[in-house]
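Encoded as structure tokens, the structure appears first; notes follow it.
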Amino acid sequence: MSTEYLNGGRPGPLTREIPECMRDKFSTVQRLFELLSLCIFAAGCVIQAIYRSIVGYKKKDLSDKIALVTGGGGGLGSLIALRLARLGCVVVLWDINKQGLEDTVKLVKGVGGRCYGFYVDLASREDIYRVTKKVQEEVGRVSLLVNNAGVLSGHYFLETPDNLIQRTFDVNILAHCWTVKAMLPAMIEHNDGHIVTIASMAGHVGVSKLVDYCSSKSAACGFHDALSTELNQIGATGVHTSLVCPYFIRATGMFETVNSRLVPTLSSNEVADRVVHAIRTNEPVAIIPAYFRWFMPFKWLLPSAVTTEAIKRLVPDAVPTPLPAKNGKPAELDTKEQHQPKKDSRPMLLHTEGYDRQVNRL
């Protein structure tokens, strides 16, 4: 075989024997076969999804799994941690709120769970890597990662200080990259793991006063999609991913006063139940409320002006009470100051009465 052929300088013998017109036809036939096989695969997936929606999904056992929940010192993270502990997980909580972290650890241990709390600045890549190594040494290999931590600025874009925009992306999406990069290798090695991305419906549509927040949550949705595809491509079938996109949630400290019309805001307990259900059934995408799934295609089918007007009517004001302003402009808060918890901060109140019954239904 000549050097010219090996280097791709001239066509191979098989290619030379096929006339130019036939090569195009061969490519067309190949494309048709690819399309047909994809349609058959899609039909099978649809039938399976319909079947599962009728008979339900088998729930996996989480006993003795090490679950790490970021933002676990309060809000939705506390509720998820409590439920995972009730299901037998060893719970590891990460948060920058030291007091809230301590209180949540006590709460989880108070209901018989095993729980560890670690102070972590999720805006710092070095801190994430450092504490990940500490968790692996002191607790063990994390097999369930719930990227729940999130922050909100709540200003019109041009009034939002640069440091708040940076913080939003550091916590809401870049922290996902660093936590997954730190813990995924062990999951792939054991072919066992689950990565949960808590995003938002705001990651699919744009809302006024939430430009940085919507952007970061949209990035989180893209992160989940690409990561899922990559894991499938490399054959890591035992590592599952779940994307959770809830509407505005009450009692988490972020959207307490949101002005939402037509659609009521969500109960934090309801969302926590839904997150745990998605984990136990390996659900790829959980939209909350579920009926929002049927409206999402209209974003692409209708003119953009329709979507914009619909969002304006649905959410006239996402943040009616912004941060205090000075001289008509939002205060330039120091980054370090924003990461320090208040002395009297506490995690949200968790109602545990009758909780055993609720967990058994998950």
Check whether any side-chain heavy atom of L122 sits under 4.5 Å from a side-chain heavy atom of I96, and report yes or no. no

Do the side chains of I173 and V205 join up, straight or via other hydrophobic residues, at under 4.5 Å, putting them in one cluster? no

How many angstroms lie between atom CD1 of I195 and atom OG1 of T179, to the nearest 0.5 angstrom? 8.0 Å

Determine the sole option in V196, I66, V180 for which the side-chain contact (heavy atoms from CB on, under 4.5 Å) test with L145 is passed. V180

Would you call S63 and L87 a side-chain contact if the rule is heavy atoms closer than 4.5 Å? no

Could you grab the distance from atom CE of M296 to atom NE2 of H204, nearest 0.5 Å is fine? 4.0 Å

Determine, stepwise, if the pair V239 / D192 fulfils side-chain contact (heavy atoms from CB on, under 4.5 Å). CA-CA 5 Å; V239 182; D192 172 53; over 6 Å; no

Counting distance only, does the side-chain N/O of H190 pair as donor-acceptor with the main-chain N or O of A186 below 3.5 Å? yes

Charged N to carboxylate O below 4.0 Å: is that the case for R313 and E309? yes

Quick one, Y247 with S260, criterion side-chain hydrogen bond (donor to acceptor under 3.5 Å, both in side chains). Give me CA distance, side-chain angles, the key distance, then yes/no. CA-CA 10 Å; Y247 188 60; S260 174; 2.6 Å; yes

ILVMFWY cluster, M183 and L227 together (side-chain gap under 4.5 Å): yes

Which class fits the ring pair F298 and F295: parallel under 30°, tilted 30 to 60°, perpendicular over 60°? tilted

Checking the side chain of D212 only, and the main-chain atoms of T168 only, is there a donor and an acceptor separated by less than 3.5 Å? no

Taking the side chain as C-beta and beyond, is there a heavy-atom pair between N147 and W94 under 4.5 Å? no

So do S242 and P284 actually touch side chain to side chain, heavy atoms under 4.5 Å? no

Salt bridge (Lys or Arg N to Asp or Glu O under 4.0 Å) assessment of K134 paired with E137: CA-CA 5 Å; K134 189 175 181 181; E137 293 173 350; over 6 Å; no

For L38 and F33: C-alpha separation, side-chain torsions, deciding distance, then whether side-chain contact (heavy atoms from CB on, under 4.5 Å) applies. CA-CA 9 Å; L38 178 60; F33 272 113; over 6 Å; no

Within the supplied structure, the quantity of interest is the number of heavy atoms (other residues, nucleotides, ligands) at a distance under 6.0 Å from K60 NZ; does it exceed 12? yes

I165 versus F157, closest heavy-atom pair with distance: CD1-CE1, 3.8 Å

CZ of F41: more than 12 outside heavy atoms within 6.0 angstrom? no

Are Y129 and V171 joined in one hydrophobic group, where the rule is that I, L, V, M, F, W and Y side chains link up if heavy atoms are under 4.5 Å apart? no

Counting only N and O atoms by type, is there a donor-acceptor contact under 3.5 Å from the side chain of H224 to the main-chain atoms of A220? no

Which heavy atom of A318 sits nearest to which heavy atom of L210, and what is that distance? CB-CD1, 3.7 Å

Option among I279, T70, L68 that satisfies the side-chain contact (heavy atoms from CB on, under 4.5 Å) test with V146: I279

One should read off an interatomic distance between Q166 CD and L174 CG, to the nearest 0.5 angstrom, of 7.5 Å

Less than 4.5 Å apart, side chain to side chain, heavy atoms only: is that true for P246 and M201? no

To the nearest 0.5 Å, how far apart are OH in Y119 and CG in N97? 9.5 Å

hydrophobic_cluster_shared for Y116 and V91, side chain cutoff 4.5 Å: no

Measure the NE2-OG distance between H155 and S208 for me, rounded to the nearest 0.5 Å. 12.5 Å

Step by step, work out the side-chain contact (heavy atoms from CB on, under 4.5 Å) result for V120 and D95. CA-CA 5 Å; V120 184; D95 208 301; over 6 Å; no

What one should report as the nearest heavy-atom pair of V285 and R293 is O-NH2, 3.2 Å

Over 60° means perpendicular and under 30° means parallel, so classify the ring planes of H194 and H240, tilted if in between. tilted

Counting only heavy atoms not in Q233, do more than 12 fall under 6.0 Å of its CD? no

From C177 SG over to D170 CG, what is the distance, rounded to the nearest 0.5 angstrom? 11.0 Å

Heavy-atom closest pair, residues L62 and R280: CD1-CG, 3.9 Å

Under 3.5 Å, is there a donor-acceptor pair between the side chain of N148 and the main chain of V69? no

If only atom types and distance count, is the side chain of S124 paired as donor or acceptor with the main-chain N or O of D121 below 3.5 Å? no

Quick one: are V111 and L82 in side-chain contact, heavy atoms under 4.5 Å? yes

Answer yes or no: are there more than 12 heavy-atom neighbours, outside E126 itself, under 6.0 Å from its atom CD? yes

Give the intermediate values and the outcome of salt bridge (Lys or Arg N to Asp or Glu O under 4.0 Å) for residues E283 and R274. CA-CA 10 Å; E283 185 176 4; R274 190 69 180 81; 2.7 Å; yes

Using every non-hydrogen atom in the two residues, find where S216 and N172 come nearest and quote the distance to one decimal. OG-ND2, 3.1 Å

State, to 0.1 Å, how close C221 and A199 come at their nearest heavy-atom pair, and which atoms those are. SG-CB, 3.9 Å

Measure from the side-chain N and O atoms of K217 to the backbone N and O of I198, and report whether any donor-acceptor pair falls under 3.5 Å. yes

With a 4.5 Å cut-off on side-chain heavy atoms, are T197 and T241 touching? no

Below 4.5 Å, heavy atoms only, C-beta onward: do S153 and Y213 meet side chain to side chain? no

Before you tell me yes or no, could you show the steps for L231 and I234 under side-chain contact (heavy atoms from CB on, under 4.5 Å), namely the whole-Å CA-CA distance, both residues' side-chain angles and the distance that decides it to 0.1 Å? CA-CA 5 Å; L231 289 172; I234 65 176; 4.3 Å; yes

With a 3.5 Å distance limit and no angle check, can you tell me whether R261 reaches the backbone of L314 through a side-chain donor-acceptor pair? no

Tell me whether L101 shares a hydrophobic cluster with V90, the cluster being built from Ile, Leu, Val, Met, Phe, Trp, Tyr side chains joined at under 4.5 Å. no

S218 side chain vs C214 backbone, donor-acceptor pair below 3.5 Å: no

